[in-house]
Amino acid sequence: MTLPIVKRYLIAFENYKVAGLAAFVVALGISGGVGMILEAPPRPPYEARGVLTYKNPPVLFSQTGQNIRQQGQQLTDRMLLQPRVIEAVLNETMITPRDFRNARVQIRPGEGGQPGTIQVTFRDYNRDRSVEVVNVLMREIIEQSRLINTEQLRNIIDTIQDRMGPARADLREAENTLEEYDRREGATLLAITSGSLPQSIISNRNHVEQLELRLDSINAQIASLEGRLGLNVDQAYVSQALTADPIIAQLRVQLYQIESQLEFLRKDFTDAHPQVADLIKQQQASEQQLQARASEVLGGHGVAAPLRQVDQIRVDSSLDPSRQQIAQNLINLQTQQETLLQEIATSREVGQRLEREYATIPNKQMEKMRLEQQVGYRQALYDKMQAQLADAQAAEAETVSSLQVVQEAAAPDVEDPPPPPSLILVMAAGGFGGVIVGAVLIFALGILSGKFYTWEEIQGALKEREIPILGVVPNVLDDHADWDMPLLLHHNSRYLEPYEQVRSNLFSNGQKPPKVVLMTSTKGPEGKTLTAYNLAIASAKAGKRTLIIEADLRSPSQAERMRLAIDSQDRWEPLRYYGDLNNCIRMVPDVENLYVIPSPGPLKQVTAVLESSEMRRLLKEVRHRFDVVIVDVPAWSDHNDALTLEPLTDGMVLVARANCTMSAQMNQLADQLTETDEEQTGPKKYRPKLLGAIINGAELGLLPEDDGELIDIQGIDSLDRPALPRDSQPIPQLPSGARR
């Protein structure tokens with residue numbers, strides 16, 4: 001029995017033998033080319049070598065000079081081999097730029113507190129020239145180090161000078177801002193410092209209290225006078241004004257005389273008597289004059305005064321001199337009251353303004369401190385720049401190179417090279433290496449492909465995942481037909497027995513065997529649809545009323561390959577198609593007890609159809625009409641149709657095939673379907689039920705068939721789909737009663 005790893009390698013060799021052969025040919029060709037071009041190596045060139053080291057700095061008087069000297073010890077080969085150095089070496093030694101490529105500069109850091117070194121080498125077949133090039137190159141590198149230090153110092157000076165202008169401007173701006181703030185808020189800050197502002201606030205409060213006391217006294221006097229007079233202030237003003245007017249007094253006298261005469265005459269005469277009527281007219285005229293004069297006295301010549309009754313005017317204008325004096329005092333007290341109220345309001349506004357100003361004193365003091373700090377910071381920065389500029393200018397006289405020669409250039413003697421190996425030996429080694437590389441390449445490509453190459457590997461992976469194996473079905477082959485995936489419609493087919501075992505394991509095991517089974521796979525070309533059809537054929541031949549539902553609505557139906565008529569108009573109204581159960585079920589004429597619901601696809605709104613109430617009612621109805629229902633859906637990795645329909649079935653069956661199924665995809669699917677409740681950290685959720693797996697395409701070595709031929713359908717889960725022969729016409733659709 002062949003070992004699994006050997007069998008896997010043989011399959012990988014069959015798939016990738018071209019790559020292995022190409023690797024062998026390439027290795028053999030390379031070795032042959034190398035063997036042909038190998039010649040006796042020429043005499044090696046002389047390698048002149050010189051060493052530079054860092055100088056110990058002399059006594060320096062500037063900090064900038066010390067920093068420049070320390071930075072000068074952090075050099076790189078690119079910093080040293082500048083175009084100026086290369087051009088100087090080429091001009092002095094008369095070598096070409098191509099020859100200068102043999103020059104090397106290696107910087108080695110120091111150890112144990114010792115300064116680092118710079119090793120300069122140059123290879124040339126002329127010993128004297130190699131030594132000369134190294135010496136010139138070391139001299140130019142020393143000069144380049146000095147120029148680097150000078151340039152760094154000059155950059156420092158230029159940078160400081162460039163920054164001093166903005167720093168000086170910032171300092172002046174901060175000083176002007178502080179000066180402006182002092183001019184604007186200095187008086188207030190000085191007032192709080194001298195204590196005059198708090199004293200003003202206290203004085204204002206005392207003044208308000210005194211005014212309020214005076215107001216209380218005046219209010220008491222007003223209340224007392226109003227009680228004595230029996231009038232309020234406004235009424236007292238009206239009565240005093242009317243009483244003091246002489247015209248009103250004269251009119252009152254006239255009215256009194258007229259009323260006396262009327263009273264006397266009315267004892268003997270009626271109002272129609274001429275004298276009485278004349279007196280009445282005089283009375284009315286006097287009353288009108290009294291009202292007009294009262295309006296003039298009270299409202300500015302009668303413009304704004306209200307029209308008062310004559311009786312009221314006569315009453316209001318009847319104050320005696322003492323009561324007039326009381327009314328005048330009451331009016332004067334009211335004037336004082338209003339004056340005090342206005343003065344109190346003004347004093348309070350002044351006090352509130354002083355208190356608000358006092359409340360802003362801390363913020364103003366903090367703002368002044370902040371402005372003073374900004375001036376101090378910018379002054380310190382400006383002073384530091386001035387000191388740094390003076391230090392950098394003093395360091396100009398101390399700038400020298402950071403390197404010195406510690407070992408002059410020297411070129412030691414060289415030895416003659418050994419002879420090259422023979423061509424036959426090189427090609428033999430290349431051929432052996434090509435065999436090894438080709439074998440490793442084939443094995444690596446087989447591993448990196450991520451496929452199961454043998455059905456034993458799939459079986460081991462399923463057992464490791466504790467997934468039930470429903471059966472292993474063979475790779476159906478037919479030498480008499482040019483089809484990719486044949487159906488087992490012949491009665492004595494040698495491939496029917498494995499499917500019968502799968503049917504028995506799936507539908508006859510357990511207390512409650514499943515009736516509606518969903519067939520899916522991980523990728524696509526595992527033979528899922530072929531397995532579904534052959535399993536349905538085996539179930540139908542076992543006497544079970546079996547139904548195949550083509551649920552891959554994204555692909556055309558394959559039912560016509562079994563001589564079933566397909567109506568192309570069904571795709572335009574798929575919900576009506578699935579809603580009419582009698583019209584969508586087709587009876588297979590070549591297999592008894594076998595029925596098919598063809599797919600109306602390809603459709604665009606597949607998810608809406610699968611989640612429709614018609615589809616749910618269809619699956620519920622066929623559960624009662626048929627013994628076995630097999631639902632064929634697209635592969636798991638292509639679409640989520642399997643997850644949509646699985647809750648409506650009794651579970652799903654996974655189809656795997658050697659040299660097609662990817663191990664990563666099958667492991668991911670197995671992890672999702674076999675996750676235990678203990679592994680779930682979140683809330684419990686619905687998980688699809690996995691009934692088991694079928695291994696398809698296994699090489700089982702079955703006996704040949706007794707008679708008959710295999711009948712095939714075209715293109716189910718295959719890459720190439722040949723056309724259906726036109727000599728066999730589809731059977732017309734049966735009537736509704738016959739199909740049922």
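Taken to the nearest 0.5 Å, the CD1 atom of Ile156 stands 7.0 Å off from the CD1 atom of Ile160. Of the inter-residue distances, the one linking Met164 atom CE with Leu171 atom CG reads 11.0 Å to the nearest 0.5 angstrom. The distance from the CG atom of Asn102 to the CZ atom of Phe122 is 5.5 Å, given to the nearest 0.5 Å. If you take CG on Asn696 and CG on Leu654, they are separated by 11.5 Å, rounding to the nearest 0.5 Å. One distance of note links CG of Asp162 with CD1 of Ile157; it measures 11.5 Å at 0.5 Å rounding. A distance of 7.0 Å separates NE2 in His639 from CG in Asp552, rounded to the nearest 0.5 Å.
Taking 4.5 Å as the limit, some side-chain heavy atom of Val131 sits within range of a side-chain heavy atom of Asn135. Side-chain contact between Asp641 and Val606 is present, with at least one heavy-atom pair separated by less than 4.5 Å. Residues Asp170 and Glu173 form a side-chain contact, since some pair of their non-hydrogen atoms from C-beta on lies under 4.5 Å apart. Looking at Leu690 and Met652, their side chains come closer than 4.5 Å, going by heavy atoms from C-beta outward.
Partners of Arg146 according to the side-chain hydrogen bond (donor to acceptor under 3.5 Å, both in side chains) rule, which considers only residues two or more places apart in sequence or in another chain, are Glu143.
In Arg84, the CZ atom is crowded: over 12 heavy atoms of neighbouring residues, nucleotides or ligands sit closer than 6.0 Å. Heavy-atom neighbours of Arg163 CZ from other residues, nucleotides or ligands within 6.0 Å: at or below the threshold of 12. The local environment of CD in Glu372 is crowded, with over 12 non-hydrogen atoms from other residues, nucleotides or ligands closer than 6.0 Å.
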Residues 380-387, side-chain donor-acceptor partners within the protein, below 3.5 Å, at least two apart:
residue: Tyr382; atom: OH; partner: Arg168; partner atom: NE; Å: 3.0
residue: Tyr382; atom: OH; partner: Arg168; partner atom: NH2; Å: 3.3
residue: Tyr382; atom: OH; partner: Gln386; partner atom: NE2; Å: 3.2
residue: Asp383; atom: OD1; partner: Gln379; partner atom: NE2; Å: 3.0
residue: Asp383; atom: OD2; partner: Gln379; partner atom: NE2; Å: 3.4

Distance-only criterion, 3.5 Å: show the donor-acceptor pairs between side-chain atoms of residues 88-98 and protein atoms not counting sequence neighbours.
residue: Asn91; atom: ND2; partner: Glu87; partner atom: O; Å: 3.1
residue: Glu92; atom: OE1; partner: Arg139; partner atom: NH2; Å: 2.6
residue: Glu92; atom: OE2; partner: Arg139; partner atom: NH2; Å: 2.6
residue: Thr93; atom: OG1; partner: Val89; partner atom: O; Å: 2.6
residue: Thr96; atom: OG1; partner: Asp99; partner atom: N; Å: 3.2
residue: Thr96; atom: OG1; partner: Asp99; partner atom: OD2; Å: 3.0

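The only option from Val406, Val105, Ile141 that meets the side-chain contact (heavy atoms from CB on, under 4.5 Å) definition with Leu52 turns out to be Ile141. Partner of Tyr46 under the side-chain contact (heavy atoms from CB on, under 4.5 Å) criterion, chosen from Arg123, Arg127, Arg129: Arg127.
Closest approach of Ala409 to Val134, counting heavy atoms only: CB-CG1, 3.4 Å. Smallest separation of non-hydrogen atoms from Gln407 and Met138: O-CE, 3.9 Å. Contact between Arg554 and Thr607 at its shortest, heavy atoms only, is NH2-OG1, 4.3 Å. Ser521 approaches Glu526 most closely through the heavy-atom pair OG-OE1, 3.3 Å. Across all their heavy atoms, Leu462 and Ala693 have their closest contact at CD1-CB, 3.6 Å.
Residues Arg172 and Glu175 are paired through a salt bridge, judged by an N-O separation under 4.0 Å between the basic side chain and the carboxylate. In summary, Arg183 and Glu180 engage in a salt bridge, as defined by a charged side-chain N under 4.0 Å from a carboxylate O.
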- Begin with the C-alpha distance, continue with both residues' side-chain angles, and end with the deciding distance and a verdict on side chain to side chain contact (heavy atoms under 4.5 Å, CB included) for Arg370 and Met366. CA-CA 6 Å; Arg370 185 183 66 81; Met366 293 178 62; over 6 Å; no
- Message: Pair Val375, Thr177 - check side chain to side chain contact (heavy atoms under 4.5 Å, CB included), show working.
- Response: CA-CA 9 Å; Val375 172; Thr177 303; over 6 Å; no
